[in-house]
Amino acid sequence: SKKPVRVAVTGAAGQIGYALLFRIASGEMLGKDQPVILQLLEIPDEKAQKALKGVMMELEDCAFPLLAGMEAHGDPMTAFKDTDYALLVGARPRGPGMERKDLLSANAAIFTAQGKALDKVASRNVKVLVVGNPANTNAYIAMKSAPSLPRKNFTAMLRLDHNRALSQVAAKTGTQVKDIEKLTVWGNHSPTMYADYRFATVNGKAVKDLINDQEWNANTFLPTVGKRGAAIIEARGLSSAASAANAAIDHMRDWALGTNGKWVTMGIPSDGQYGIPKDTMFGFPVTTQNGEYKVVEGLEIDAFSQERINITLKELQEEQQGVAHLL
Ligand code: NAX
């Protein structure tokens with residue numbers, strides 16, 4: 001049987017954590033033959049640590065055969081020790097009266113510390129997924145704070161946007177998500193992201209031809225996907241949690257186990273593809289194999305798409321500039 005791998009999860013006592021940990025421990029992320037050791041991080045605060053203990057009690061009570069070990073931590077330097085996977089979910093939410101720049105700097109403090117800790121103690125092959133918002137910029141900060149780790153080890157979650165777009169396209173075309181391929185989401189995990197079905201196919205037919213409605217694309221589809229998070233909050237009174245956890249599982253599973261040529265969306269540090277400046281943490285179409293992702297290159301970017309990509313890129317560059325002095 002396989003040797004256990006170490007999976008660190010931050011914000012482990014939060015809502016996404018509660019929807020995520022049980023699925024990691026049951027083998028849905030890394031495979032039904034892969035034992036895992038969970039290294040869970042919460043803020044040192046007594047209430048958070050107590051809540052984390054409660055979640056761990058429930059994990060114990062599931063008696064998962066693949067759960068080879070479990071630890072509670074209040075310090076990233078111990079939580080990330082030798083970790084093979086790190087899901088950075090915990091972040092500072094926007095509080096009352098908090099301005100955007102306060103939010104960025106509160107998170108910059110968290111993700112510089114966590115990036116430094118990963119740099120010092122994690123496995124050199126650690127695969128990092130940042131979920132905590134602003135996810136792309138937090139991932140960028142962690143990457144910049146971990147100079148001894150390869151840049152490519154740092155990614156941000158665009159998969160929830162990707163999955164949201166898949167479901168909207170399936171509903172519009174009267175087809176099933178499982179039959180849709182080659183869809184992607186460019187840019188920032190924010191309402192500016194650009195979900196793009198121009199290359200998508202469903203059972204071999206072009207989605208673009210099936211829909212054939214640019215007005216729907218621009219005025220219904222993109223706003224629906226972009227504002228889906230807000231719509232969930234409005235309906236549920238709480239932000240997306242199970243769907244976010246599901247997207248994190250999809251992202252890590254596909255990165256680790258491969259997509260067999262299928263496209264998925266990952267937020268990754270650009271190498272300059274599609275004119276996106278190097279290091280910008282940007283949503284791209286990728287395929288994965290043997291634990292490595294590769295950007296799908298050579299796609300035509302038409303005027304409408306270029307305009308949308310420019311908008312989301314500009315937002316990301318402003319976020320990056322907003323934290324530059326802290327790095
Ligand atoms: P919760 O507030 O329920 O949980 C967050 C947990 O993180 C809390 O228990 C808190 O104590 C902990 N935490 C805060 N700072 C920490 C730190 N420095 N180290 C360790 N733990 C820390 O939020 P939840 O609903 O779970 O959402 C978590 C994050 O995911 C938020 O930033 C949220 O905005 C973001 N999301 C990102 C999504 C994406 O697609 N990228 C979608 C869903 C979600 O909105």
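Everything numeric here is computed off the predicted structure, so don't read it as measured data.
Taking the six-membered ring where tryptophan is involved, the planes of Trp186 and Phe284 are perpendicular, since the angle between them exceeds 60° and thus also 30°.
Residues Ile43 and Leu118 do not share a hydrophobic cluster, defined by chaining ILVMFWY side chains whose heavy atoms lie under 4.5 Å apart. At a threshold of 4.5 Å between side-chain heavy atoms, the hydrophobic network of Ile, Leu, Val, Met, Phe, Trp and Tyr places Val225 and Ile180 in one connected group. By the rule that hydrophobic residues join a cluster once side-chain heavy atoms approach within less than 4.5 Å of another member, Leu313 and Met143 end up as members of separate clusters. Both Met29 and Met266 are part of a single hydrophobic cluster, where members link through side-chain heavy atoms under 4.5 Å apart. Both Met281 and Leu326 are members of a single hydrophobic cluster when ILVMFWY side chains are connected at heavy-atom separations under 4.5 Å.
With 3.5 Å as the limit, one finds a donor-acceptor pair spanning the side chains of Arg124 and Ser148. Glu315 and Ser190 share a donor-acceptor pair across their side chains, judged by distance under 3.5 Å alone. Neither side chain, Gln176 nor Asp179, offers a donor N or O lying under 3.5 Å from an acceptor on the other. Between Gln15 and Ser239, the side chains place a donor N or O and an acceptor N or O closer than 3.5 Å (distance only, hydrogens not considered). Remark: the Ser305 side chain and the Asp302 side chain contain an N/O donor-acceptor pair separated by less than 3.5 Å.
Of the options Asn136, Asn188, Asn138, a side chain to side chain donor-acceptor pair (under 3.5 Å) to Glu319 is made by Asn188 and by none of the others.
Side-chain contact between Leu30 and Leu257 is absent, with no heavy-atom pair separated by less than 4.5 Å. A heavy-atom distance below 4.5 Å is not found between the side chains of Val130 and Met157. Between Ile309 and Ile276 there is a side-chain heavy-atom pair separated by less than 4.5 Å. A heavy-atom distance below 4.5 Å is found between the side chains of Val9 and Ile24. The side-chain heavy atoms of Lys172 and Asp213, taken from C-beta on, include a pair separated by under 4.5 Å. Trp255 places a side-chain heavy atom less than 4.5 Å from the side chain of Thr155.
Ring centers of Tyr197 and Phe221: under 6.0 Å apart, within the cut-off.
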Solution key, residues 56-63 side-chain donor-acceptor pairs under 3.5 Å, sequence neighbours excluded:
unit_1	atom_1	unit_2	atom_2	d
Glu58	OE1	Tyr18	OH	3.3
Glu58	OE2	Tyr18	OH	2.7

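If you chain together ILVMFWY residues whose side-chain heavy atoms come under 4.5 Å of each other, Ile37 ends up in a group of its own.
The side chain to side chain donor-acceptor pair (under 3.5 Å) search around Thr220 returns none, not counting sequence neighbours.
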